[in-house]
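Any value given below was found using the heavy atoms of this structure, including those in side chains, with hydrogens, waters and symmetry copies removed.
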Amino acid sequence: MPRARVARTPQRRLLAWYEDEARDLPWRKSTDPYAILVSEVMLQQTRVETVIPYYERFLRAYPTVEALARAPIDDVLKLWEGLGYYRRAHNLHRASREVVHHHAGRIPADRAALRALPGIGPYTAAAVASIAFGEDEPVLDGNVVRVLARWFRVSGDPRRSDTRRSLEAVARSLIPAGRAGAFNQALMDLGARVCAPRLPRCEACPVEAVCEAHQAGEEELFPMRAARRSVPHRDVVAGVIWERGHDPWDPDARVLIAQREAGDMLGGLWEFPGGTVEQGESFDEALRRELREELGMEVEVGSLFITVDHAYTHFRMTLHVFHCRHTAGRPRALGCADFSWVLPSEIAGYALSVADRAVVRALCAQRESA
DNA sequence: GAACCGTGGAT
DNA sequence: TATCCAAGGTT
């Protein structure tokens, strides 16, 4: 009786596992380097389940690199709304134009040329080179770091460059010739579905028998990470500024929204204008100061409309939103990229952050019930 | 090297 | 509620 076929090396067992268990993801249906690039940029620091609907909408709107290069950045940002790390959208848009203008519309095929495009770092360059072009380049994302740190008991904080160099050398040495695309994705799927940060399912792991951390019973001790610092809190104020001569209950009343500068946090997104409350400042003073600085206008701050708590990567925020009456000064874009008077119902067409989107929702709900 | 850059799900 | 952290990159 023939023995069950067992792959000889751990790498072959991992590839065999991947053939059976690979997740059915939309970008895996495509071999188009552009589609794969879009998926990899969206997946930066972002969960697969979050990315899927964004990826499908994006590819429908911009099926080719030429289509993306032709698009206005405001449209690209609207499609990116809610996905976070908005600089990725600016950079991907810029990259598409570089590809069209300097690479004859073809995504570069080698790691170094990919790396030169804006928003493409070491991970994304290696991912596109291996998955879209079959280059034998190793990737090092959060999943691969965790899998390899456990498999080979690699100590040291993986954020350190020397630790990363060791991990990359290990990853490179493991790649079966000509199979980097599948092998890299197998490592990432293994990290996402089996070799989880907590409570890894080692009994389901194709490399359990050779995993050094598992043999030592120390899976959860790897990778070694330093503790994080606590994040500060900020009070931020913003105004719903009603057009002069109108009141909130007027169905034709417009409000002022401003566009953030492209290089800033949430760059290119629209918002109810305002800013951070400084030490010793009242909310009223802070809001009037910000509107004077950003838009050159004077307002009378009215009642508190809503507060929104929101956690960003490096600080937490309480956003205090006040109704405001415009009293003097025609608005000018002094500290913002642009501004616009709009009906609350029209704001749906603009790209806003999640926090400001909550304000719009409350505003529209209030007018609905009024 | 370290700070900065969004959001949502899991625990 | 607080913390972690996810197919990272730029400055």
Side-chain angles (χ1 to χ4, degrees), chain A residues 22-23 25-28 36-55 77 80-92 94-95 114-132 137-147 157-164 168 171 180-181 183-193 195-199 220 223 225-233 260-269 271 308-317 351-358:
Chain A
R23 290 176 288 182
L25 304 174
W27 43 90
R28 288 183 176 165
I36 291 166
L37 173 59
V38 169
S39 76
E40 290 299 343
V41 172
M42 287 188 168
L43 286 161
Q44 290 167 6
Q45 293 286 284
T46 311
R47 292 174 191 282
V48 164
E49 311 77 57
T50 304
V51 166
I52 290 172
Y54 282 90
Y55 171 83
L77 284 170
W80 209 272
E81 180 183 57
L83 194 57
Y85 287 133
Y86 298 93
R87 189 167 306 234
R88 293 183 296 176
H90 292 275
N91 283 336
L92 181 58
R94 286 174 47 208
L114 284 161
R115 181 73 182 73
L117 293 172
I120 300 191
Y123 164 78
T124 306
V128 173
S130 62
I131 297 170
E137 291 290 344
V139 297
L140 222 53
D141 77 327
N143 291 305
V144 177
V145 165
R146 186 170 56 256
V147 169
D157 186 337
R159 287 172 300 191
R160 290 173 51 93
S161 56
D162 54 344
T163 311
R164 295 192 78 80
E168 184 172 343
F183 187 72
N184 288 338
Q185 294 184 84
L187 278 175
M188 293 191 277
D189 266 29
L190 188 68
R193 303 179 61 192
C195 195
R198 272 163 298 190
L199 301 177
E220 296 210 35
R225 294 194 185 282
R228 295 195 180 182
R229 303 195 340 268
S230 64
V231 298
H233 175 271
R260 299 177 60 90
E261 308 228 51
D264 292 355
M265 178 177 174
L266 305 172
L269 299 194
E271 65 177 2
V308 178
D309 284 294
H310 193 78
Y312 291 107
T313 306
H314 286 86
F315 65 95
R316 290 177 303 114
M317 165 186 83
L352 272 70
S353 71
V354 166
D356 276 83
R357 191 50 72 191

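Two rings, from His310(A) and Tyr312(A), have their centers less than 6.0 Å apart.
Phosphate proximity of dT7(B) to His310(A): present, with a side-chain N or O under 4.0 Å from OP1 or OP2. A sub-4.0 Å separation between OP1 or OP2 of dG8(C) and a side-chain N or O of Gln44(A) is absent.
Atom name P, nucleotides dG6(B) and dT11(C): the rounded distance is 13 Å, in whole Å. Separating the P atom of dC5(B) from that of dA7(C) is a span of 23 Å, rounded to the nearest Å.
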> Using Watson-Crick and G-U wobble pairs whose two distances are both under 3.5 Å, how do you write the pairing of DNA chain C as dot-bracket, with | for links to another strand?
Replying inline: .|||||.||||
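Within 4.0 Å of Leu140(A), counting heavy atoms only, lies no atom of the nucleic acid at all. Counting non-hydrogen atoms under 4.0 angstrom, Gly82(A) reaches the backbone sugars and phosphates but no base. Among the heavy atoms of the strands lying under 4.0 Å from Arg146(A) are primed sugar atoms or P, OP1, OP2 only; no base atom is included.
Remark: the backbone N or O of Pro118(A) is not paired with any side-chain donor or acceptor of Arg94(A) at under 3.5 angstrom.
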What's touching nucleotides 1-5 of chain B from the protein side, N or O pairs under 3.5 Å?
{"unit_1": "dG1(B)", "atom_1": "OP2", "unit_2": "Ser161(A)", "atom_2": "OG", "d": "3.1"}

Between the protein and nucleotides 9-11 of chain B, which nitrogen or oxygen pairs are less than 3.5 angstrom apart?
{"unit_1": "dG9(B)", "atom_1": "N2", "unit_2": "Arg47(A)", "atom_2": "NH2", "d": "3.4"}

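Atom-to-atom, CE of Met42(A) to C1' of dG6(B) comes out at 14 Å; the value is rounded to the nearest Å.
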